[in-house]
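Here is the structure we will look at.
Just so you know, these numbers use all the heavy atoms, side chains as well, and skip hydrogens, waters and symmetry mates.
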Amino acid sequence: MSKMSCESSAMLDRARARRVPTPGTATILALGKAFPSQLVPQECLVEGYIRDTKCIDTTIKEKLERLCKTTTVRTRYTVMCKDILDKYPELVTEGSPTIRQRLEIANSAVVEMATEASKACIKEWGRSVEDITHIVYVSSSEIRLPGGDLYIANQLGLKNDVGRVMLYFLGCYGGVTGLRVAKDIAENNPGSRVLLTTSETTILGFRPPNNARPYDLVGAALFGDGAAAVIIGADPMLGQESPFMELNYAIQQFLPDTQNVINGKLSEEGISFKLGRDLPQKIDDNIEGFCRKLMKKRNLMNFNDLFWAVHPGGPAILNKLENTLRLKSEKLECSRKALMDYGNVSSNTIFYVIENMRENLKREDGEEWGLALAFGPGITFEGILIRSL
């Protein structure tokens, strides 16, 4: 047999070895992402933030330096730049009513990023934009009527009868909520193809540092901007679509009386957040039971037999989860890499984690089953039992 024949045979064997999608169950068919043009290395962040906010408090600078070292973030993208600060200098004036200015920047920025991510996703998918039947748009960074879903649909050239869903202000669990909603749409509308796109910017929360708001520094050290998009559909078309992950079973759960642990309030000055110090412990106390509930659907028992797509809210949450579930160190590698490369980008980040693990799961010894998890205000848990195809 010739070398070419051997290679062709090997390719066919690998193709046959790929797992067959479960009929009627939603799958991820393509993925795309997009970011603003400004890339900020973590080692440059402190000097830039202190300069831009005209902060002269050395204790604040020292605290931010310590935080930047503990977040594990190395780079992140940001919409905020010198041109914006030159145009809107009031953004760094304490107490200024700037919600109008912030929304002028954020509303257009998130749509631009979501549109770019969606175009990249549709290109990878390979089918016509006219074949998209629904759009689900997730963002905690814009406020207006109509919402960004309509603007994105127009800019992409979607049909005017496309089914639109807008998910506002879910925070860090929004991406997995979007997957759950897209899964329900795809599975209940045979032949449908759902574009799910998420887009976030920190513009609404950017402000000068203040000792009375310590979480502002955590946000400055940890969060970034960007967008992501996926195409979801059941019963993939053979030869036309390339499913790589199946959304097998999804649940949401909130922890009673924890609504003040993650607290976000919108005011004339933008949005401000408070995080309770007990957030990692609250997640830690409840995560095993939540994961077991998902795993029970397929009689899965061993946490280390799964692959893990976990939203990296911060290193403390990942460390707690790893220790509590006794996970091997490599199990959260894709989450740690996403945090390192992009920071916490709220609802988008789960898709950067999934992209990181897509190549890993192509290994011959790659796990079949995994969990996609995210946590956010509520405290709310979102989880999906996922299957590698």
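- Between Asn248 and Arg298, the closest side-chain pair of non-hydrogen atoms falls below 4.5 Å.
- Counting heavy atoms from C-beta on, the side chains of Gln252 and Arg180 come closer than 4.5 Å.
- A distance-only check finds no donor-acceptor pair linking the side chain of Gln253 to the backbone of Phe290 [under 3.5 Å].
- Annotation: side chain of Leu196 is not in contact with side chain of Tyr137 (no heavy-atom distance under 4.5 Å).
- Scanning all heavy atoms of the two residues, the minimum distance from Leu217 to Pro209 falls at CD2-CB, 3.9 Å.
- To the nearest 0.5 angstrom, Met245 atom CE is 8.5 Å from Leu389 atom CG.
- For the pair Leu150 and Arg164, the minimum side-chain heavy-atom distance is below 4.5 Å.
- Tyr77 approaches Pro36 most closely through the heavy-atom pair CD2-O, 3.3 Å.
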#### Entry: Intermediate values then yes/no, side-chain contact (heavy atoms from CB on, under 4.5 Å), Thr27 and Ile232
CA-CA 6 Å; Thr27 61; Ile232 307 291; over 6 Å; no

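- Under 4.0 Å is where a charged nitrogen must lie from a carboxylate oxygen, and between Glu187 and Lys183 at least one such pair does.
- Test Tyr168, Tyr151, Phe169 against Glu142 for side chain to side chain contact (heavy atoms under 4.5 Å, CB included) and you get one pass: Tyr168.
- The pair Lys331-Glu322 fails the salt-bridge criterion, with no side-chain N (NZ, NE, NH1 or NH2) lying under 4.0 Å from an Asp/Glu carboxylate O.
- One distance of note links CG of Leu39 with OG1 of Thr78; it measures 10.5 Å at 0.5 Å rounding.
- In this structure a side-chain-to-backbone donor-acceptor pair under 3.5 Å is present from Asn107 to Ile143.
- Between Glu241 and Arg193 a salt bridge is recorded (basic side-chain N to carboxylate O distance below 4.0 Å).
- At least one donor-acceptor pair closer than 3.5 Å links the side chain of Thr53 to the backbone N or O of Tyr49.
- For Asn286 (side chain) and Lys282 (main-chain N/O), a donor-acceptor pair under 3.5 Å exists by modelled atom type.
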### Query
Yes or no on side-chain contact (heavy atoms from CB on, under 4.5 Å) for Ile135 and Val194, after CA distance, side-chain angles and deciding distance?
CA-CA 6 Å; Ile135 178 171; Val194 185; over 6 Å; no

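- The cluster map of Ile, Leu, Val, Met, Phe, Trp and Tyr, joined by side-chain heavy atoms under 4.5 Å apart, puts Leu275 and Leu67 in the same cluster.
- The CD1 atom of Ile203 sits 12.0 Å away from the CD atom of Gln101 when rounded to the nearest 0.5 Å.
- Judged purely by distance below 3.5 Å, without hydrogens or angles, the side chains of Glu200 and Ser347 pair a donor atom with an acceptor atom.
- In this structure, His134 NE2 and Leu195 CG are separated by 12.0 Å, a value rounded to the nearest 0.5 Å.
- The structure places SG of Cys55 at 4.5 Å from CD1 of Ile60, a figure rounded to the nearest 0.5 Å.
- Here the side chains of Leu371 and Cys291 are in contact, with some heavy-atom distance below 4.5 Å.
- Leu325 and Ile386 are members of different hydrophobic clusters when ILVMFWY side chains are connected at heavy-atom separations under 4.5 Å.
- When the shell of 6.0 Å around NZ of Lys159 is examined, it contains more than 12 heavy atoms from other residues, nucleotides or ligands.
- Contact check for Leu91 versus Met80: side-chain heavy atoms found under the 4.5 Å cut-off.
- Between Lys61 and Glu47 there is a salt bridge, since at least one side-chain N of the basic residue sits less than 4.0 Å from a carboxylate O of the acidic one.
- Salt-bridge check for Lys87 with Asp83: failed, with every basic side-chain N at 4.0 Å or more from each acidic carboxylate O.
- The aromatic ring centroids of Phe223 and Tyr342 lie 6.0 Å or more from each other.
- Classification of Glu94 and Arg213 as a salt-bridged pair holds, one side-chain N sitting under 4.0 Å from a carboxylate O.
- Interatomic distance, Leu179 CG to Ile354 CD1, rounded to the nearest 0.5 Å: 5.5 Å.
- Using a cutoff of 4.0 Å between basic side-chain nitrogens and carboxylate oxygens, Lys82 and Asp86 are scored as salt-bridged.
- Between the Trp125 side chain and the Leu31 main chain, no donor and acceptor come within less than 3.5 Å of each other.
- Heavy atoms from other residues, nucleotides or ligands lying under 6.0 Å from CD of Gln155 number more than 12.
- Between Tyr173 and Phe375, the gap from one ring centroid to the other reaches at least 6.0 Å.
- Two different hydrophobic clusters hold Val310 and Leu170 under the rule that ILVMFWY side chains link at heavy-atom gaps under 4.5 Å.
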### Query
Please walk me through it: do Trp369 and Ser388 pass side-chain contact (heavy atoms from CB on, under 4.5 Å)?
CA-CA 6 Å; Trp369 294 98; Ser388 172; over 6 Å; no

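- No donor-acceptor distance shorter than 3.5 angstrom exists from the side chain of Ser335 to the backbone of Pro312, with no hydrogens or angles considered.
- Counting only heavy atoms from C-beta outward, the side chains of Asp225 and Gln38 never approach each other to under 4.5 Å.
- Lys337 has no carboxylate O lying under 4.0 Å from a charged side-chain N of Glu333, or vice versa, which leaves the two without a salt bridge.
- Side-chain heavy atoms closer than 4.5 Å link hydrophobic residues (I, L, V, M, F, W, Y) into clusters, and following such links, even through other members, never connects Met340 to Leu332.
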### Query
Arg387 and Glu368: salt bridge (Lys or Arg N to Asp or Glu O under 4.0 Å), yes or no, with the steps?
CA-CA 6 Å; Arg387 180 171 171 249; Glu368 179 175 4; 2.8 Å; yes

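- For the pair Arg19 and Gly366, the tightest heavy-atom approach, listed with the atom from each and the gap, is NH2-O, 3.2 Å.
- Linking ILVMFWY residues whenever their side-chain heavy atoms come closer than 4.5 Å, directly or via other members, places Tyr215 and Val92 in the same cluster.
- Between Phe244 and Met357 the shortest side-chain heavy-atom distance does not fall below 4.5 Å.
- Contact detail for Gly178 and Leu167: the closest heavy-atom pair is CA-CD1, 4.0 Å.
- Judged by distance alone, with hydrogens and angles left aside, the side-chain atoms of Ser199 form no donor-acceptor pair with the main-chain N or O of Ser139 at under 3.5 Å.
- Considering all non-hydrogen atoms of both residues, Ala186 and Ser192 come closest at CA-OG, 3.4 Å.
- Here Lys362 pairs with Glu359 in a salt bridge; the nearest charged N to carboxylate O distance falls below 4.0 Å.
- For the 3.5 Å distance criterion, the side chains of Asn302 and Arg326 fail to qualify, holding no donor opposite an acceptor.
- Looking at every heavy atom in both residues, Thr198 comes nearest to Gly175 through CG2-CA, 4.3 Å.
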### Task
Output, in order, the C-alpha distance, side-chain angles, deciding distance and verdict of side-chain contact (heavy atoms from CB on, under 4.5 Å) for Asn260 and Lys274.
CA-CA 8 Å; Asn260 292 322; Lys274 291 183 181 178; over 6 Å; no

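- With salt bridges taken as basic N to acidic carboxylate O contacts below 4.0 Å, none links Glu90 and Arg100.
- Each of Lys69, Arg74, Arg76 was checked for a side-chain hydrogen bond (donor to acceptor under 3.5 Å, both in side chains) with Gln42, and the lone residue meeting it is Arg76.
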